[in-house]
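A note on names: the letters A, B, ... follow the listed sequences, proteins ahead of strands, and every chain is numbered from 1.
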Number of protein chains: 2
Amino acid sequence: MDLDVRRLRVLYEVALRGGITAAAAALHVTPSAVSQQLGQLAREAGCELLERSGRGVVLTPAGHVLADHAKRIIGAVEQAQAGLAALRRDVNGTVRVGAFPSAAGALVAPAAARALARYPDLDIRVVEVEDQQSRLDLYSGTLDVIVLQEYDHVPTPLASDLDRHPIARDPMHLITPVGWGSRSGRLGDLRDVRWIASAEGTPCLRSTLHACRLAGFEPDIRHRAIDFALTLDLVDAGLGAALVPGLALRNVPSGVHIEPLADPVTERRIFAVTRSRGTGPRRPAIDAFLAELTATQRSDLEPVAAIR
Amino acid sequence: MDLDVRRLRVLYEVALRGGITAAAAALHVTPSAVSQQLGQLAREAGCELLERSGRGVVLTPAGHVLADHAKRIIGAVEQAQAGLAALRRDVNGTVRVGAFPSAAGALVAPAAARALARYPDLDIRVVEVEDQQSRLDLYSGTLDVIVLQEYDHVPTPLASDLDRHPIARDPMHLITPVGWGSRSGRLGDLRDVRWIASAEGTPCLRSTLHACRLAGFEPDIRHRAIDFALTLDLVDAGLGAALVPGLALRNVPSGVHIEPLADPVTERRIFAVTRSRGTGPRRPAIDAFLAELTATQRSDLEPVAAIR
DNA sequence: AGATCCATGAAGCGATGCTACAAGAAGACT
DNA sequence: AGTCTTCTTGTAGCATCGCTTCATGGATCT
């Protein structure tokens with residue numbers, strides 16, 4: 001007669017991921033188990049919650065309603081745990097952090113190290129994630145904190161039930177082979193050279209195109225690299241110029257010349273996102289880690305100077 | 001790592017009933033099971049939730065916090081069920097109604113019969129309850145609707161998370177042995193006769209005393225009856241007069257004379273109480289029953305005329 | 001048409017939660 | 001004081017539940 005909250009969790013995950021197999025993967029069980037739980041839940045609810053659509057399933061109206069309630073219930077449970085942890089006032093438990101590669105290495109790792117040093121009972125787990133996937137994992141509780149980037153001309157919309165915690169501004173840098181000599185950051189001087197940029201559809205590529213067009217030319221992109229380390233290696237080999245955010249400039253090859261991008265300054269903003277706790281405290285462990293993350297010094301963002 | 005909602009239910013029940021044994025009875029399990037669940041919950045929570053105090057247990061601060069969250073979570077689950085039922089728009093399931101005896105017989109039973117006749121899938125269960133106990137059962141979900149009474153000079157406080165649904169006003173009647181002749185409802189004429197009243201501490205007794213004192217005398221109470229049927233039998237035997245609410249006047253013995261109590265009119269108000277659904281619908285089944293209950297005709301409240 | 005992916009069902013096994021019973025602690029009664 | 005009662009907690013055993021594995025049935029893509 002009563003709805004089982006554990007099954008509601010399963011339904012919520014299915015609604016989030018859009019399928020039984022995906023939900024099963026997120027829950028670390030087999031699709032069969034998910035299917036059985038949903039079947040039982042439908043019996044408890046007294047009506048069909050999802051129907052087959054092609055190869056997969058879609059939620060019925062009742063399924064959507066119930067999934068929405070499930071979200072609220074799961075939030076209330078998490079709030080209870082947070083309230084309890086806040087009452088104990090001790091920072092422990094696990095904090096799962098998802099971040100894109102350059103932030104993970106330059107920002108999250110040091111912050112995690114500081115937090116772990118300060119709170120011995122803390123367990124921080126860093127996962128490299130894709131932007132889109134990370135939001136699902138944040139909603140489902142697989143992740144507690146995600147670190148996102150936002151290029152200044154591409155604002156990132158954020159749902160109202162998520163909290164935004166600014167971390168840093170990360171200015172773009174112009175990098176060229178040392179053989180080319182210094183350009184003093186003038187983008188316009190590089191209208192006729194070969195370029196290295198990120199893959200189609202990435203915000204980094206859009207940012208590069210945006211900056212070049214502002215400077216009055218269309219870059220001649222010859223090479224594509226998603227990993228900034230590869231970008232640096234390509235530049236080091238003299239294959240072209242590139243625009244790279246400062247955070248990615250760690251362990252720079254010796255053949256790469258770096259200079260800050262002169263006016264107009266192009267930069268990306270880096271921020272953390274957590275599930276919003278409408279009322280009531282967040283888990284102290286999460287707050288402790290966020291404190292370390294947002295306390296990042298400006299110097300951490302300019303490793304260029306240290307390397308040059 | 002996660003708090004189990006089923007265990008939170010157990011904790012909530014313990015907080016409500018004030019003990020493990022009482023909670024176990026309400027949950028229809030053995031105290032041992034409750035104790036084990038609480039132990040497991042304490043391990044999940046990471047701190048003690050209750051401590052022994054004398055023969056029983058009391059909640060620790062953490063226990064109170066968690067029980068409070070549990071209440072919210074349970075409410076959210078119930079809201080989910082209500083939302084689902086409202087979506088199905090069909091009136092079915094079980095409605096458990098608690099009422100004091102006279103209302104149960106005169107009001108609840110006919111309303112339940114009408115509701116059952118109109119909605120074949122409905123399952124209504126009427127339970128005779130004590131006022132105090134019924135509120136706990138309402139909170140814990142053992143009952144969905146309780147019917148309470150309120151004498152006009154003794155207002156009944158109601159928590160903010162409960163909804164009040166007025167049903168009827170039930171005026172008091174003056175009943176005397178037929179041999180005494182008609183008194184035309186003047187209470188002052190009966191200052192020197194023997195009286196029959198309810199037991200110490202009952203609101204009915206307070207109401208009788210209040211009415212007599214307003215009329216300027218202290219009644220000479222010789223007999224005590226809680227059940228109004230017994231009161232009527234005692235009056236029928238010529239042992240005294242009594243003040244009885246109209247609803248109790250069913251199947252009146254032939255030797256009993258009934259007349260409405262003249263000014264000042266003393267009456268009790270009868271109302272139903274349900275758990276408040278802050279936002280979102282109530283279960284259609286409960287609404288359907290409430291509709292029948294509040295649609296009670298005035299004629300139902302004056303069976304006197306039909307019997308006289 | 002074959003191949004692939006996804007959801008669902010049946011059988012079996014391990015874990016979980018219950019009952020029954022016993023023991024210990026703290027009032028209440030005589 | 002001593003005994004009784006009441007309440008909670010612990011242990012052993014058993015039923016139920018939920019998972020995995022394996023197999024089946026649709027639906028889409030090539």
With the sugar-phosphate defined as primed atoms, P, OP1 and OP2, and the base as all remaining atoms, what B/S/- string results for nucleotides 1-6 of chain D, 5' to 3', for protein heavy atoms under 4.0 Å?
----BB
Show the atom names and distances, to 0.1 Å, of all donor-acceptor pairs under 3.5 Å that link a side chain in residues 62-70 of chain A to residues at least two apart or in another chain.
from    : atom 1 : to      : atom 2 : distance (Å)
A/His64 : ND1    : A/Thr60 : O      : 3.4
A/Asp68 : OD2    : A/Arg72 : NH2    : 3.2

Assign B/Val34 to base, sugar-phosphate, or nothing according to its heavy-atom contacts below 4.0 angstrom with the strands shown.
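Nothing: the residue B/Val34, judged by heavy atoms under 4.0 Å, touches no strand.
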At 4.0 Å (heavy atoms only), tell me whether B/Gln36 reaches a base, stays on the sugar-phosphate, or touches nothing.
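Base, at least one base heavy atom under 4.0 Å.
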At under 4.0 Å, does any side-chain N or O of B/Arg52 touch on OP1 or OP2 of C/dG24?
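Checking B/Arg52 against C/dG24: no side-chain N or O falls below 4.0 Å of OP1 or OP2.
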Is the count of non-hydrogen atoms from other residues, nucleotides or ligands lying under 6.0 Å from B/Glu48 atom CD greater than 12?
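Check fails, neighbour count at 12 or below.
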Counting distance only, does the side-chain N/O of B/Thr142 pair as donor-acceptor with the main-chain N or O of B/Leu138 below 3.5 Å?
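No: the side chain of B/Thr142 does not pair with the backbone of B/Leu138.
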Taking B/Arg88 for its side chain and A/Ala45 for its backbone only, find out whether a donor-acceptor pair lies under 3.5 Å.
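Present.
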For DNA chain C, determine which residues of residues 19-33 of chain A have any heavy atom closer than 4.0 angstrom to one of its atoms, and list them numerically.
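Those residues whose heavy atoms fall under 4.0 Å from DNA chain C, taken from residues 19-33 of chain A in numerical order, are A/Gly19, A/Ile20, A/Thr21, A/Pro31, A/Ser32.
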In whole angstrom, give the distance that lies between atom CZ of B/Arg6 and atom P of C/dC18.
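Rounding to the nearest Å, CZ of B/Arg6 and P of C/dC18 are 7 Å apart.
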B/Glu48 CD to D/dT8 P, straight-line distance once rounded to whole Å
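Roughly 15 Å, once rounded to whole Å.
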Considering only NZ, NE, NH1 and NH2 on the basic side and carboxylate oxygens on the acidic side, decide whether B/Arg9 and B/Asp4 come within less than 4.0 Å.
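Not counted as a salt bridge, because no side-chain N and carboxylate O are separated by less than 4.0 Å.
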Where the side chain of A/Asp4 is concerned, which of C/dG17, D/dG18, D/dT9 is the nearest nucleotide?
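Given the options C/dG17, D/dG18, D/dT9, the side chain of A/Asp4 is closest to D/dG18.
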